[in-house]
There are 2 protein chains.
Amino acid sequence: MQKPFQINRAYKEVQQITVAVDCLIFGFNDGNLELLLVSRSFEPERDRWSLIGGFVHNDEDLDDAAHRVLTELTGLDDVYMEQVRAFGKAKRDPYERVISVTYSALVLKKDYNDELVKSYKAEWFPIDNLPELIFDHKEMIDAAMKRLRRRVKSGPVGFNLLPEKFTLPQLQKLYEAILGEEIDKRNFRKKLNSMDFLIKLNEKDKTESKKGAYLYKFDEDKYNYVKNFNI
Amino acid sequence: MQKPFQINRAYKEVQQITVAVDCLIFGFNDGNLELLLVSRSFEPERDRWSLIGGFVHNDEDLDDAAHRVLTELTGLDDVYMEQVRAFGKAKRDPYERVISVTYSALVLKKDYNDELVKSYKAEWFPIDNLPELIFDHKEMIDAAMKRLRRRVKSGPVGFNLLPEKFTLPQLQKLYEAILGEEIDKRNFRKKLNSMDFLIKLNEKDKTESKKGAYLYKFDEDKYNYVKNFNI
DNA sequence: ATATAATAGTGTTCAGTTTACACTTTTAAA
DNA sequence: TTTAAAAGTGTAAACTGAACACTATTATAT
């Protein structure tokens, strides 16, 4: 019989591993769901597209590391972010052993620091037209998209991709972009209405149509009374 | 403006961190959903209950590390296992910085090596009557349970907790144990029937009732034709 | 041998939810 | 003043989920 595994657990005898975070930064720009990617400015794999990532410091919470990396790139501070999962194949990065934990962030284009983004050679790509990516980053994106689709149906997560005031056509386009399918306008509105957490404002947005669409805002308090969010 | 983050990415200048896997080993024993826990045989926190865990080796896939740890404890080889997520608070283990990736495993009591389990001072606990656990292990369990509940409704995952041949009352009890709620017998069977991936055998199991219940097995091929598994 | 008790097995109805579907309104621009 | 583009609005049919009660079988006890 093998020796009890715990023997390996004697502290300080254990191999340590480089741990990274990779951030999937989603934005909803001009009606498209987009992802912010960077062109690597260092070897190996210089000039290839990659998710934005960084290493986890020893005294730093994993979640904090992800926020730090996001802030360094975008200047954004207060962003909705969730862990997706850890990617840990021994050879996923062929140059060095790195375990990477991915995070999915939803950001508002207008809020982030454009200068910063440009200085990193970062670019937005529509989610259905991504360039080739290094390592297992495509797999990370697939996992995050799957998760986003699930989350967005069961909670008011998508609202993080819209400004405080938004129109129903915008909201619908956002859902269509995330889910990758068309939604019936009347059914969509009926559902939103029944959940009763949108506040209709006395203002119209006329930038996207001649008629103009009423602006709404999200009522966080009321949302808490909604038992089953379900779109 | 800060320097580009990539500067930190120069390989070999980066802090390394101890990475562990912790396994949530679920079993369905005597009608209860149970979790296998070990009493720590080493300091710190000796004799307190914990998930079974181990450290990730440098040349080892994360998933493989989880399987290795599971095999060391149970002798089981071919087990359904999924990553839950990474837990990475800097102080989650107060003795040393350890990032832990949790995995959820569904095992069959009859298959595992009882001797091995005993030699580790491991014990099964019903999921609704767990002892106090070290560190953030309770939080890990909560996350894994939430995930299990979701997964079991949307795919034939629960079948990994039953032997190859099982009765419908057993299957129902399993779902009730996982979901923590009673299910109507007729509705449950109706749903299973409509999805058409169970094969009724010409055998009865008489160990659990006088009348005896028909045995069924799961038809993996047919499952692939089921578009929407949904219980 | 008969009665009992425990579990297996089986359909229908009602309510709620989801889906499909088409026309009117508004207004900027031609 | 016409046109074109997008906003806004309700109803009917199909489907899905939930509630609900009795009969069948047989080991065990009397």
Side-chain angles (χ1 to χ4, degrees), chain A residues 28 30-32 149-150 152-155 162-163 165-177 179-217 226-231, chain B residues 28 30-32 149-150 152-155 162-163 165-177 179-217 226-231:
Chain A
F28 183 60
D30 312 313
N32 294 308
R149 291 202 168 114
R150 221 181 335 109
V152 100
K153 283 186 186 180
S154 62
L162 291 176
K165 300 176 183 182
F166 51 85
T167 66
L168 294 186
Q170 277 166 5
L171 183 61
Q172 180 170 346
K173 270 180 212 123
L174 171 62
Y175 272 87
E176 289 175 336
L179 300 176
E181 58 190 31
E182 300 211 334
I183 301 174
D184 181 275
K185 192 167 36 162
R186 283 170 288 187
N187 294 340
F188 183 71
R189 286 165 184 242
K190 204 192 318 167
K191 220 169 212 175
L192 288 169
N193 239 300
S194 75
M195 289 188 291
D196 192 42
F197 54 69
L198 292 183
I199 300 169
K200 186 177 187 170
L201 304 175
N202 253 330
E203 288 174 78
K204 282 192 167 186
D205 172 296
K206 292 216 165 190
T207 61
E208 305 197 28
S209 77
K210 292 161 184 171
K211 183 176 177 182
Y214 279 103
L215 286 162
Y216 288 76
K217 61 179 186 177
V226 176
K227 41 275 116 237
N228 300 324
F229 185 104
N230 179 5
I231 287 185
Chain B
F28 183 59
D30 311 314
N32 293 308
R149 291 201 169 115
R150 217 178 343 107
V152 100
K153 283 185 187 181
S154 63
L162 290 175
K165 299 177 182 181
F166 51 86
T167 67
L168 294 187
Q170 278 166 4
L171 183 61
Q172 180 171 345
K173 269 179 213 123
L174 170 63
Y175 272 86
E176 288 176 335
L179 300 176
E181 57 190 32
E182 299 210 334
I183 301 174
D184 180 274
K185 193 165 38 161
R186 282 170 290 188
N187 293 340
F188 183 71
R189 284 165 185 242
K190 204 192 317 165
K191 221 169 210 174
L192 287 170
N193 238 301
S194 75
M195 289 187 291
D196 192 40
F197 54 68
L198 291 184
I199 301 169
K200 187 177 187 169
L201 305 175
N202 252 331
E203 288 175 78
K204 282 193 167 186
D205 172 297
K206 292 217 167 191
T207 61
E208 305 197 29
S209 77
K210 293 161 183 171
K211 183 176 175 182
Y214 279 103
L215 286 162
Y216 287 76
K217 61 179 187 176
V226 177
K227 45 272 120 236
N228 299 324
F229 185 104
N230 178 6
I231 287 187

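Every heavy atom of this structure was used, including side-chain atoms; hydrogens, water molecules and symmetry mates were not. Numbered from 1 within each chain, the chains take letters A, B, ... in sequence-line order. Values in this document were obtained by computation on a predicted structure and should not be read as measured data.
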A:F188 CZ - C:dC21 P separation (whole Å)
20 Å

Whole angstroms only, please: what is the NZ-C1' distance between A:K204 and D:dA5?
14 Å

Between C:dG11 (P) and B:D184 (CG): distance, integer Å:
14 Å

Interatomic distance, B:L192 CG vs C:dG11 P [rounded to whole Å]:
15 Å

B:E181 CD: over 12 foreign heavy atoms closer than 6.0 Å
yes

Of all the heavy-atom pairs spanning B:Y216 and B:L198, show the shortest one and how long it is.
CD2-CB, 4.0 Å

Would you mind classifying the nucleic acid contact of B:N228 as base, sugar-phosphate or nothing, using non-hydrogen atoms under 4.0 angstrom?
nothing

When you get a sec, tell me which of D:dA21, D:dG17, C:dG9 is the closest nucleotide to the side chain of B:R186?
D:dA21

Contacts satisfying salt bridge (charged side-chain N to carboxylate O under 4.0 Å, His left out) that involve residues 199-213 of chain B (not counting sequence neighbours) are B:K165-B:E203, B:K173-B:E208

Shorter than 3.5 Å, N or O on both sides, protein versus nucleotides 13-16 of chain C: list them out with atom names.
none

Please give, in whole Å, the distance from C:dA20 C1' to A:E182 CD?
14 Å

Using atom CD1 of A:I183 as one end and atom C1' of C:dC21 as the other, report the distance to the nearest whole Å.
17 Å

Close approaches to DNA chain C from residues 205-216 of chain B, in residue order (heavy atom, under 4.0 Å)
B:E208, B:S209, B:K210, B:K211, B:G212, B:A213, B:Y214

Starting at atom CD1 of B:I231, determine the distance to atom P of D:dT16, rounded to an integer number of angstrom.
15 Å

Mark yes or no for whether A:Y214, through its side chain, and A:L168, through its backbone, hold a donor-acceptor pair below 3.5 Å.
no

What is the nucleic acid contact for A:K185, judged by heavy atoms within less than 4.0 Å: base, sugar-phosphate only, or nothing?
base

Looking only at C:dC21, D:dA19, C:dG9, the nucleotide nearest the A:N187 side chain is C:dC21

How long is the line joining CG of B:N230 and C1' of C:dT18, in whole Å?
14 Å

